[in-house]
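Here's the structure we're looking at; comments come further down.
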Amino acid sequence: MSYDHQSIKDKVDSFHKNANDFYVDTSKEGKNKFYSLAMFPYPSGNAHMGHVRVYTLSDVKARYKKLKGSDVLHPMGWDSFGLPAENAAIKNKVRPDLWTEENIKKMKYEQLNIAGWSFDWDKELNTSSPDYYKWTQWLFLEMHKAGLAYRKEDYVNWCDVDKTVLANEQVINGCCWRDGSVVEKRLMEQWFFKITDYCDKLWDGISKLKNWAPEAVSVQKNWINKNTGTEIHFDVPEFGEKIEAFTTRPDTLFGVTALVIAPEHPLAQKILAKKPNKEVEEYVTASLKKSAVERMQNKEKSGVNTGVKCRHPYDSECKYPEVDVWIGDYVIADYGTGAVMCVPAHDTRDFEFAKKFGIDILEVVSQANGKPTDLEEAYTENGVMINSGEFNGMKNREAIKAITESLTKINKGKGTTTYQLKDWSVGRQRYWGCPIPMIHCDSCGVVPVPEADLPVKLPEAKDSDMEDGALNLRNFPEFVNTKCPKCHNDAKRETDTLDTFLCSSWYAFRYLDNRNDEKIFESKNVNNFMPIDFYVGGLEHAAQHMIYFRFITKFLHDRGYINFDEPVDHFFCNGMVRMGGHKMSKSRGNVVVPTEAIEKHGADAVRMYILSDTPAELDIDWEDTGIKAKYDFVKKNYNAIEAFLTEHKDVKEDKGDLSKYPNKEFLFNYYSTVKEYEQSMEQNLFHKGVANIHAFSNFILKELQQSKKEGTAESIASLKFLVKDFLSMAGLITPFFTEVLLKEFFAVESLYKQSFPAVEEKFLVQSTVNVVVQINGKKKTLLNVDKEITEEEVERLAFESPEVTRGVDGKNVVKKIYVKGKIYNIVVK
RNA sequence: GCCGCAGUGGUGAAAUUGGUAGACACGCUAGACUUAGGAUCUAGUGCUUCGGCGUGGGGGUUCAAGUCCCUCCUGCGGCACCA
């Protein structure tokens, strides 16, 4: 029967109807484990081409490892808490839980089951289901027990469109990551996770991320951003305290002509309280109102002199023993100490600030050529110390160390490190999320919900709740009002829900024991299969999700639940699927819907196409000619192979003695391509894998033709055997037509459970080799010679060739280099 | 500004890690065949003045460089008033 992708799909569906071929027993001990994971989807109800790409990648890798004999885990689940469900509720008056449930059904049974993805659905999980979020709550309580979940009043990122607080990681260029609206700073009391306690571990762990996409490693580095420097104390006698300034350039200490603190710095409020001053007050108020975007866009320096003085640590030696304390919003409150020493001569920002406000400029690091002190701009290069008391004459690089040591001795400072990473704000003022298992009691304070009472379930939303602004746990009295677990008096539940990034920071663990209702997971299972061997997802998750995932892993490690401290061995960042050079979007009208593409071209062609031509890390541009070509390829191969197998139905496939196989070149091609294909799969060069399949097809189909004329009973049996192995290998990429042929003509139990053929090295040995003859490294001719040929013989043949004769004519042969069986290079002058 | 990645035919790209640059495809050209099919098959396809020349530019190391080193240019991504 001629190729018809629809009937092939129907057949494959019927093969897998009853059994879960892709099941793996995660409690089974053993060594040969492979965990292939693609980031789980938000159940929007519509799978898009991006999903097709990611899940095909994790699938091909999973199938490959299975063929190579590993126990493979390739699970799937739902990242189902979050805003779209609430927005749908408000718009269409559908309960968020029901809306989510509908979408999951739709995606699971109509979209994620049509592309041949080998998901083990036995491991399915859903972050918004109480048996999952019970353990998200448990994790919160563990954090709380460890002192890592805490409340504080702080300036937080407020998104007024989503009516919720956002984590720093969710603010991109000062705007909300979801809707792009400008984020405000609001002083609020909020739940935080003390991820900053893990800065060192997260930073040091970066060196272990050898198999991560380099871009993703770079994102991790930039985000945590460790900086080594010195903390220097400036006494403020009037207030009986000191300002700690962080700097990476302690060598410029003697050039300090002012001190600048951030408007949010605690001292600012103290100054206002003690020495009320309208100008200062107005400046502070105005600065606090400014959004991050305003601060970012307007880099014009602003500030105000408080008139408060502070003392230089070396006040007896330096030119400016006492300097003014300024408030300036170019100083960032939550980086370093929120205070900087202002050294205009050697810092571009301080220079601008000083120029604008007439602050003195004192050069302390001179250029080697001793240029004058009348600086046009800040001098930020290295040099020799001047105007710096006892440190004069030193190289400034040495002075950095010397001054830090000296400060430590006189107890006026110390070497320190600082990080850009901030504590993780985890509370969200939203309904559709995991409730924070805490209770506020007037007499006992904030009390954790006892573990036995978990999960704290979300109340069911009624139609009247589903109004804009009303869908909030505050408005559910039956949820809010409770008893204090300690004193049993009336108390109120916490009404914030958890950031959905917490839900997704531990799902990979839960897949290994998704039905456990006694504990979060069985450690044995997790230790057995993790770290994840192959984790596929977009680079956009390299900051938020991957930071949190690493943090939670390190936390669970420190609490003794797991024996590894990095969750992902290989993080593979796939590129986007675009069309016409743009991201697919409804408004642009350049959307290819996966279900439609698969219906039209068949899943084999779609899978093959989405992997072909371009490395999976890069963006691809969807082209109709490309997908059509893959359809044609699948059709051609199915038809040719089916015809061959039908003709030789009665011949039992038999490898036999391949050394008697008539076409040695075919065997050479076959096994060298097996070798290349294996490498492509090992190294995740899936586009090369597709090219290898093309190469296979090119010589196999030719050989099938040839066998019609010259085939013997023996050679047909061998060829049939080789075709069977080819189908198993190609089945990684095109699992539909290959499985049908394997079932119908070879009665295999399942494509998934085949094995990868071993490379027969003996057929890769050839009796002749091509030796390239070069003159001065430029190729002149090619000699096809016996592999064991001597150097003398090569030399004779080379010099006999007209190209060499012409090339050396009238020149001196200086040197001859022979690389056995490869290169013969003649050097002439 | 700092960090990371990349630059190869008309296009997507490959190159066993220093040893025949352009595998495998798309597109294009010519031809064949036609039971008009999502046709298929065959041949060709870096440039060339047929000597050669060619991997963003310039320099270097080497018998030999797309690959290593220096330098510059361009594009993409991340961070960014980070002290």
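Residue numbers start from 1 in every chain, and the chains themselves are labelled A, B, ... in the order their sequence lines are given, proteins ahead of strands. FYI, side chains are in, hydrogens and waters are out, and symmetry mates aren't considered; it's all heavy atoms of this structure.
Residue contacts shown for A:L539 are limited to sugar-phosphate atoms, with no base heavy atom under 4.0 Å away. Residue A:H601 is classed as a base contact, given a heavy-atom separation below 4.0 Å to a base.
Summarising the geometry, the separation between CD on A:E215 and P on B:G75 is reported as 19 Å, rounded to the nearest angstrom. As rounded to whole Å, 12 Å separates atom C1' of B:C79 from atom OH of A:Y335. Here the P atom of nucleotide B:C2 and the NZ atom of A:K226 are 22 Å apart, to the nearest Å. A:N639 has its CG atom 12 Å from the P atom of B:G38, to the nearest Å.
One can find a donor-acceptor pair under 3.5 Å joining the base of B:C81 and the side-chain atoms of A:K301. At a cut-off of 3.5 angstrom, the base of B:C79 holds no donor-acceptor pair with the side chain of A:N222.
The side chain of A:L782 approaches B:U20 more closely than any other nucleotide in the set B:A39, B:C5, B:U20.
Below 30°, between 30° and 60°, or above 60°: for A:Y824 and A:F799 the angle between ring planes is above 60°, a perpendicular geometry. Classification of the A:F572-A:F686 ring pair by plane angle, with boundaries at 30° and 60°, yields perpendicular. The aromatic rings of A:F763 and A:Y671 lie parallel to each other, with less than 30° between the two planes, well short of the 60° mark.
Remark: the separation of the C1' atoms in B:C41 and B:G57 is 46 Å, to the nearest Å. Using atom P as the reference point in both B:G9 and B:U67, the two lie 15 Å apart (nearest Å). B:G66 and B:G22 have their P atoms separated by 12 Å, with the value rounded to a whole Å. With both ends at atom C1', the span from B:G46 to B:U29 equals 16 Å, rounded to whole Å.
The backbone N or O of A:F736 sits less than 3.5 Å from a side-chain atom of A:D604, completing a donor-acceptor pair.
Residue A:T625 is the one, among A:T625 and A:V331, whose nearest nucleotide of RNA chain B lies closer to the 5' end (criterion: closest heavy atom). Place A:D619 and A:N825 on RNA chain B by their nearest nucleotides, and A:D619 ends up nearer the 5' end.
The phosphate of B:C63 has OP1 or OP2 within less than 4.0 Å of a side-chain N or O from A:K815. A close approach under 4.0 Å does occur between a side-chain nitrogen or oxygen of A:K628 and OP1 or OP2 of B:A39.
Base orientation at B:G4 is anti, since its O4'-C1' glycosidic dihedral falls outside 90° of 0.
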